[in-house]
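What follows is a short report on a single structure.
Note that the structure is a prediction, hence the values are computed from the model and not measured. For ligands, and for the atoms within them, numbers begin at 1 and follow the listed sequence.
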Amino acid sequence: MEGVSFSLDDLPLRDDLRGLAPYGAPQARVPVALNVNENTHPIPDDVARDIVESVARAVLEVNRYPDREFTPLRDALAGYLGHGLTRDNIWAANGSNEVIQQLLQAFGGPGRSVLGFPPTYSMHSIIAAGTGSRWIEGVRDAGFAISPETAVAEIRRHAPDIVFFCGPNNPTGTPLELETIAAAYDATDGIVFVDEAYAEFMPTGQPTALTLLEGRPRLVVSRTMSKAFAFAGARVGYLAAHPAVADAMRLVRLPYHLSSLTQAAAVAALQHADEMLAMVDDIKEQRDRIMRVLTELGYEPWPTWSNFVLFGGVDDPGDVFRRLLEKGVIVRDLGIPGHLRVSAGTEAETTTFLDALRDIRLSS
Ligand SMILES: *Cc1c(COP(=O)(O)O)cnc(C)c1O
């Protein structure tokens with residue numbers, strides 16, 4: 001093939017994929033990485049050992065296909081979520097991104113539409129595009145909120161097949177009112193999906209969309225082990241819904257999509273849920289500290305119920321991003337004018353970020 005000039009453009013690619021660039025945050029090796037909302041605390045040693053032992057046992061049977069129904073994992077996830085959920089309410093996949101893809105394979109696709117509310121998680125529209133579903137951009141209220149009235153008006157205007165919410169919302173951190181979800185549900189015959197990737201960072205005791213599942217068989221709530229649970233590299237996301245929704249997922253999932261190693265690792269990690277989540281309070285403290293210091297420095301952070309802060313008042317986000325990077329700190333420039341987003345790290349990482357930003361602020 002050498003010497004032959006041939007590129008993606010020359011392939012008989014689907015027309016709707018032509019000209020697209022692959023999505024992904026830069027994966028630079030930077031001492032302080034606060035750009036993709038990971039839990040930056042390493043997992044505790046004893047939990048790591050338990051996971052390795054569990055995976056080691058699974059390896060001895062890796063000649064066989066895994067449990068296609070990942071039953072122990074669904075039991076563990078239902079136990080973790082509580083709210084009277086059982087394994088029948090749970091579906092899991094390789095990250096909640098794959099859960100969303102399966103959801104749109106089952107309920108979206110060509111001829112069907114998804115209403116979302118940007119600025120929101122970029123993967124929602126990208127997965128819509130990948131599955132041939134039409135993405136419709138709903139309009140938020142001031143301050144990125146979505147009132148019940150706004151949600152209902154947008155649903156009436158666009159008559160989507162699926163409504164996507166993200167609460168707390170990425171990249172803004174904005175809380176999502178349960179009243180909004182309930183009103184949206186009543187305004188559509190379609191699927192209402194709530195991405196709760198950051199639920200564990202909400203104020204303690206705050207009810208989540210899980211409390212709305214009872215009696216709402218078209219409501220789907222997704223969670224992930226990638227954020228609070230410090231398990232991003234293992235790729236485990238899941239949803240809770242009426243058992244019929246899990247049956248719909250079975251129609252589109254590839255058989256054995258969750259490897260036996262993934263299942264073993266996730267089940268072992270969930271047995272240590274308390275330890276895995278021990279850092280959440282610490283992360284919330286660092287988040288609140290970021291809010292305080294950014295305000296002191298004259299930036300405009302948005303209220304957040306997640307593990308990150310979106311802040312405005314940045315004259316040249318690209319320039320600040322580069323100068324932070326020179327100081328060994330990577331944050332996220334999402335292309336929102338005047339804004340950057342930063343994840344709350346460990347206390348030391350957060351200090352490095354805040355000191356670097358203070359230097360930049362004072363020198364400009
Ligand atoms: C990070 C994130 C996810 C996580 O996706 P995984 O595939 O589970 O790693 C899902 N939804 C939102 C809104 C996120 O920010």
Quiz prompt | Distance filter under 4.0 Å to Gly95 heavy atoms, resulting ligand 1 atoms | solution = 6 (P), 7 (O), 8 (O)
Quiz item: If you measure every N/O of Tyr198 against every N/O of ligand 1, is any gap under 3.5 Å?
Solution: yes
Quiz item: Given that the side chain starts at C-beta and the backbone is N, CA, C, O, which of these parts of Asn97 lies under 4.0 Å from ligand 1, counting heavy atoms, or is it both or neither?
Solution: both
Quiz item: Where's the contact between Lys227 and ligand 1, heavy-atom distance under 4.0 Å: side chain, backbone, both or neither?
Solution: side chain
Exercise. Give a yes-or-no answer on whether the side chains of Arg341 and Asn170 include a donor-acceptor pair shorter than 3.5 Å.
Key: yes
Quiz prompt | Sub-4.0 Å heavy-atom approach of Ala232 to ligand 1 | solution = no
Self-check item: Nearest neighbour in protein (non-hydrogen) for atom 11 (N) of ligand 1
Solution: Asp195 OD2, 2.7 Å
Self-check item: Between Ser343 and Asn307: side-chain donor-acceptor atoms closer than 3.5 Å
Solution: no
Exercise. Would you check the N or O atoms of Asn37, main chain and side chain alike, for any that come under 3.5 Å of an N or O of ligand 1?
Key: no
Quiz item: Looking only at heavy atoms, is any part of Ser226 under 4.0 Å from ligand 1, and if so is it the side chain, the backbone, or both, or is it neither?
Solution: side chain
Practice problem: Indicate, as side chain, backbone, both or neither, the part of Arg235 found under 4.0 angstrom from ligand 1 when only non-hydrogen atoms are considered. | Solution: side chain
Quiz prompt | Thr174 side chain to Arg140 side chain, donor-acceptor N/O pair below 3.5 angstrom | solution = no
Quiz item: Any N or O of His124 that comes nearer than 3.5 Å to an N or O of ligand 1?
Solution: no
Quiz item: Which atoms of ligand 1 are found less than 4.0 Å from any heavy atom of Cys166?
Solution: 13 (C)
Self-check item: Identity and separation of the nearest protein heavy atom to atom 5 (O) of ligand 1
Solution: Ser96 OG, 3.1 Å
Quiz item: Can the ring centroids of Phe70 and Trp91 be said to lie less than 6.0 angstrom from one another?
Solution: yes
Exercise. Before accepting this row, confirm whether a basic side-chain N of the pair Lys227/Glu200 lies closer than 4.0 Å to the acidic partner's carboxylate O.
Key: no
Quiz item: Do Thr351 and Arg289 get their side chains close enough for a donor-acceptor pair, meaning under 3.5 Å?
Solution: yes
Practice problem: Using a strict cut-off of less than 4.0 Å between a Lys/Arg side-chain nitrogen and an Asp/Glu carboxylate oxygen, indicate whether Lys284 and Asp288 qualify as a salt bridge. | Solution: no
Practice problem: Verify the distance criterion only: is there a donor paired with an acceptor across the side chains of Gln206 and Trp305 at less than 3.5 Å? | Solution: no
